[in-house]
There are 2 protein chains.
Amino acid sequence: MHPRIVDTLKKNQLSITESRKKILEMFLQRKGALAHADIEQQSGEEFDRVTIYRTLQTFVEKGIIHSIPSADNSVRYALCKDDCSEGHHHDNHVHFMCDHCGTTYCLDHVSVPPVAIPPGFKVTQVDVVASGTCMKCQ
Amino acid sequence: MHPRIVDTLKKNQLSITESRKKILEMFLQRKGALAHADIEQQSGEEFDRVTIYRTLQTFVEKGIIHSIPSADNSVRYALCKDDCSEGHHHDNHVHFMCDHCGTTYCLDHVSVPPVAIPPGFKVTQVDVVASGTCMKCQ
DNA sequence: ATTATTTTGCAACATTGTTGCATTTGTGTA
DNA sequence: TACACAAATGCAACAATGTTGCAAAATAAT
Ligand SMILES: [Mn+2]
Ligand SMILES: [Mn+2]
Ligand SMILES: [Zn+2]
Ligand SMILES: [Zn+2]
């Protein structure tokens, strides 16, 4: 088991449970992002669907993972790398979603460019999602 | 009825049906974007849910509307303003989604900034979705 | 070890999306 | 205008996804 797992859960004042450990481990092992369905399949019916929903929700609230918008009604989640905390995410990086294999990448080193939103809007977050073909699918 | 409706449908080689006229009219009248649920409610059970799904799909394919990604599993759609056509969208503008009232705006005059995606990825589209509070909800 | 708290699984339900097919509607032509 | 053909719609049945309340189980605190 990845050493960061228990630390992360403790740091966020979450009790150490089997489902949280296992799901967090999936995120730590996996390079790309995970959708709810991915977790359900990979865990092989080990946990109830409801538990997965609640775990993902908890992780997002605590700033352990962040959600990535999509145009196909299937939100994905990925580990927060920055110093995100309860209610405050700072994942200002660009995401890439492969149209072919579906893999979603966090481009941690590509930060979201400044966007000139007209006055009147109070912007709290800007999501940038690029799509196309990834290196594995060329 | 909005004059552009029949023109648009003919131009795209679509037969002129009640549902297509009505749904296209909703997009022409409405400033913001529409989700499937919005259309279903506003049309008041006039059309079957399946018809709405199929109409939206057809409109996207023809380049009449474009979809806007979201982080809450509810894709929205808005009229294409540019010269989009069958299979080729060119809606390179930024979108804004209000966390309070849910309204999604097409910021037609704010174009998507260049993003430096690492080599290896072949980018075909970049979506930028800002969120926060709109002018009506301050 | 015992108690208190939190999390889980289950069931039941609601919402959302998909598919096949008969019926209806719209289009082109005589 | 009437007809034939093609296309779109509505319906039904189903699959997938998401939500809620609550008893049982697991975890944390004492
Ligand atoms: Mn990310
Ligand atoms: Mn738009
Ligand atoms: Zn790929
Ligand atoms: Zn608003």
Side-chain angles (χ1 to χ4, degrees), chain A residues 1 5-27 33-62 64-65 67-77 86 102 104, chain B residues 1 5-27 33-62 64-65 67-77 86 102 104:
Chain A
M1 190 175 69
I5 290 176
V6 173
D7 285 351
T8 302
L9 292 176
K10 278 187 180 163
K11 195 186 304 174
N12 287 281
Q13 300 163 353
L14 293 173
S15 38
I16 319 292
T17 69
E18 280 308 307
S19 46
R20 285 175 181 166
K21 281 191 289 185
K22 198 74 168 276
I23 292 174
L24 185 48
E25 181 155 49
M26 287 186 196
F27 281 108
L34 293 168
H36 178 278
D38 298 324
I39 296 170
E40 202 174 331
Q41 287 165 16
Q42 282 187 37
S43 64
E45 311 260 331
E46 190 177 347
F47 311 113
D48 194 86
R49 242 159 24 86
V50 179
T51 301
I52 299 175
Y53 281 117
R54 293 196 268 228
T55 303
L56 289 173
Q57 188 182 309
T58 302
F59 283 3
V60 170
E61 286 166 358
K62 289 293 187 177
I64 299 172
I65 61 177
S67 67
I68 304 166
S70 84
D72 70 339
N73 276 326
S74 72
V75 175
R76 294 162 193 238
Y77 302 88
E86 181 124 20
T104 300
Chain B
M1 191 174 70
I5 290 176
V6 173
D7 285 352
T8 303
L9 292 176
K10 278 187 179 162
K11 195 186 301 171
N12 286 282
Q13 299 164 353
L14 293 174
S15 38
I16 320 292
T17 68
E18 281 308 306
S19 47
R20 285 175 181 165
K21 282 192 287 185
K22 199 73 169 277
I23 292 174
L24 186 47
E25 181 154 50
M26 286 186 197
F27 280 108
L34 292 168
H36 178 278
D38 297 325
I39 297 171
E40 202 174 331
Q41 287 165 15
Q42 282 187 37
S43 64
E45 310 259 329
E46 189 177 346
F47 311 113
D48 194 86
R49 241 159 25 87
V50 179
T51 301
I52 299 175
Y53 281 117
R54 293 197 269 228
T55 302
L56 289 173
Q57 186 181 310
T58 302
F59 283 2
V60 170
E61 285 167 358
K62 290 292 187 176
I64 299 172
I65 60 176
S67 68
I68 304 166
S70 84
D72 70 340
N73 277 325
S74 72
V75 175
R76 296 165 191 235
Y77 302 89
E86 182 123 21
T104 300

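Within every chain, numbering begins at 1; the chains are lettered A, B, ... in the order of the sequence lines, protein sequences first and strands thereafter. Worth knowing before you read on, the calculation uses all heavy atoms, side chains too, and leaves out hydrogens, waters and symmetry mates.
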Whole-Å distance between [N] [atom2] and [X] [atom1]?
X       : N      : atom1 : atom2 : answer
B/Phe47 : D/dG10 : CZ    : C1'   : 12 Å
B/Tyr53 : D/dT9  : OH    : C1'   : 16 Å
A/Ile52 : D/dT19 : CD1   : C1'   : 15 Å
B/Gln13 : D/dA6  : CD    : P     : 17 Å
A/Lys10 : C/dT6  : NZ    : P     : 18 Å
B/Ile23 : D/dA8  : CD1   : C1'   : 12 Å
B/Arg20 : C/dT27 : CZ    : C1'   : 12 Å
A/Lys21 : C/dT8  : NZ    : P     : 12 Å

For [X], check side chain to side chain contact (heavy atoms under 4.5 Å, CB included) against everything at least two apart and list the hits.
X       : result
A/Gln57 : A/Glu61
B/Asn73 : A/Val75
B/Ser43 : B/Met26, B/Glu46, B/Phe47, B/Ile52

Do any N or O atoms from the side chain of B/Arg20 and from the backbone of B/Thr55 form a donor-acceptor pair under 3.5 angstrom?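 Looks like no, no N/O pair under 3.5 Å.
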Just to confirm, is there a sub-4.0 Å distance from OP1 or OP2 of D/dT17 to any side-chain nitrogen or oxygen of A/Arg49?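 Answer is no, no contact under 4.0 Å.
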Answer yes or no: does a side-chain N or O of A/Asn73 lie under 4.0 Å from OP1 or OP2 of D/dT17?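 For A/Asn73, the contact criterion (side-chain N or O under 4.0 Å from OP1 or OP2 of D/dT17) is not met.
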Please enumerate all residues that pass side-chain hydrogen bond (donor to acceptor under 3.5 Å, both in side chains) together with B/Asp72, with sequence neighbours excluded.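 So B/Asp72 forms a side-chain hydrogen bond (donor to acceptor under 3.5 Å, both in side chains) with B/Ser70, B/Ser74.
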Between A/Thr58 and B/Glu40, name the one whose nearest nucleotide on DNA chain C is closer to the 5' end.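 Of the two residues, A/Thr58 wins.
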Applying salt bridge (charged side-chain N to carboxylate O under 4.0 Å, His left out), name anything that partners B/Lys21, two or more places apart in sequence or on another chain.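 Only B/Glu18 meet the salt bridge (charged side-chain N to carboxylate O under 4.0 Å, His left out) criterion with B/Lys21.
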Matching residue for A/Tyr77 among A/Ile23, A/Leu34, A/Leu56, A/Asp38 - test: side chain to side chain contact (heavy atoms under 4.5 Å, CB included):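 Among A/Ile23, A/Leu34, A/Leu56, A/Asp38, the one meeting side chain to side chain contact (heavy atoms under 4.5 Å, CB included) with A/Tyr77 is A/Leu56.
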Sub-3.5 Å pairs of nitrogen or oxygen atoms, protein against nucleotides 20-28 of chain D:
residue: D/dA28; atom: OP1; partner: A/Ile16; partner atom: N; Å: 2.9

